[in-house]
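What follows is a set of notes on a single structure, which appears directly below.
This is a predicted model, so every value here is computed, not measured.
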Protein chains: 2
Amino acid sequence: MDKIEILGMVAAVLTTAGYVPQVYKTWRDKSTKDISRSTYLILFLGVVLWFTYGLMINSLPVTLANAITGCLLFFMLVLKFKYK
Amino acid sequence: MDKIEILGMVAAVLTTAGYVPQVYKTWRDKSTKDISRSTYLILFLGVVLWFTYGLMINSLPVTLANAITGCLLFFMLVLKFKYK
């Protein structure tokens with residue numbers, strides 16, 4: 001794996017793992033007043049398309065990263081609907 | 001442009017534009033209590049790396065989408081620090 005690929009992998013890990021603190025905070029605080037539902041709906045739809053794109057170009061990093069991100073965004077949407 | 005490329009472009013537009021409602025909501029409500037600073041810091045760092053990756057592989061869509069997303073995330077961080 002060359003340096004450019006490693007850079008892309010680190011970027012993918014960060015833009016996936018980045019949602020973990022938000023999910024944890026929202027789950028812990030049970031408060032979603034300041035969270036935009038539209039943002040999470042649009043991001044979730046975008047990530048589903050990225051996942052599909054990853055499958056079509058046979059890219060494991062794109063498919064895997066977006067599968068995990070999709071789960072985190074879906075969990076945020078569940079929390080947003082639960083704690084209005 | 002084939003169908004797979006169009007799918008990727010639509011995905012990129014959604015995962016970039018998705019942050020606009022959150023930025024607008026936060027700017028309007030001046031409240032960031034429920035927003036995770038860690039999430040936006042990690043996502044911003046990840047997007048900076050994606051931007052660099054886009055430059056290195058000469059991909060205009062990756063570079064452009066992440067430049068715009070980076071600006072939106074940076075603006076969210078400014079709002080988070082301003083409205084604690």
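- Contacts of B:F44 classified as ring pair (Phe, Tyr, Trp, His ring centres under 6.0 Å), with partners at least two apart in sequence or in another chain: B:F74.
- B:L43 and A:I42 fall into different hydrophobic clusters, defined by Ile, Leu, Val, Met, Phe, Trp and Tyr side-chain heavy atoms under 4.5 Å apart, directly or through other members.
- The cluster map of Ile, Leu, Val, Met, Phe, Trp and Tyr, joined by side-chain heavy atoms under 4.5 Å apart, puts B:L64 and B:F75 in the same cluster.
- Between chain A and the options B:V13, B:V10, B:I4, B:V47, the largest number of non-hydrogen pairs under 4.5 Å is found for B:I4.
- Hydrophobic clustering (side-chain heavy atoms under 4.5 Å, transitive across Ile, Leu, Val, Met, Phe, Trp, Tyr) keeps B:M9 apart from B:F51.
- Note: A:M76 CE to A:I35 CD1 = 4.0 Å, rounded to the nearest 0.5 Å.
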Across chain A and chain B, what donor-acceptor pairs are shorter than 3.5 angstrom?
| unit_1 | atom_1 | unit_2 | atom_2 | d |
| --- | --- | --- | --- | --- |
| A:T15 | OG1 | B:W50 | NE1 | 3.1 |
| A:G18 | O | B:T39 | OG1 | 2.7 |
| A:Y19 | OH | B:Y19 | OH | 2.4 |
| A:Q22 | N | B:T39 | OG1 | 2.8 |
| A:Q22 | OE1 | B:S36 | N | 2.8 |
| A:Q22 | NE2 | B:D34 | O | 2.9 |
| A:K25 | NZ | B:K33 | O | 3.1 |
| A:S31 | OG | B:K33 | NZ | 3.2 |
| A:S31 | OG | B:D34 | OD1 | 2.9 |
| A:S31 | OG | B:D34 | OD2 | 3.0 |
| A:K33 | N | B:D34 | OD2 | 2.8 |
| A:K33 | O | B:K25 | NZ | 3.1 |
| A:K33 | NZ | B:S31 | OG | 3.2 |
| A:D34 | N | B:D34 | OD2 | 3.1 |
| A:D34 | O | B:Q22 | NE2 | 2.9 |
| A:D34 | OD1 | B:S31 | OG | 2.9 |
| A:D34 | OD2 | B:S31 | OG | 3.0 |
| A:D34 | OD2 | B:K33 | N | 2.8 |
| A:D34 | OD2 | B:D34 | N | 3.1 |
| A:S36 | N | B:Q22 | OE1 | 2.9 |
| A:T39 | OG1 | B:G18 | O | 2.7 |
| A:T39 | OG1 | B:Q22 | N | 2.8 |
| A:W50 | NE1 | B:T15 | OG1 | 3.0 |

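- Closest heavy-atom contact between B:A17 and B:P21: O-CD, 3.5 Å.
- By the rule that hydrophobic residues join a cluster once side-chain heavy atoms approach within less than 4.5 Å of another member, B:L77 and B:L45 end up as members of separate clusters.
- Put simply, of A:G8, A:G46, A:A11, the one with the most heavy-atom pairs under 4.5 Å next to chain B is A:A11.
- The choice from B:V48, B:L49, B:L41 that makes the most heavy-atom pairs within less than 4.5 Å of chain A is B:L49.
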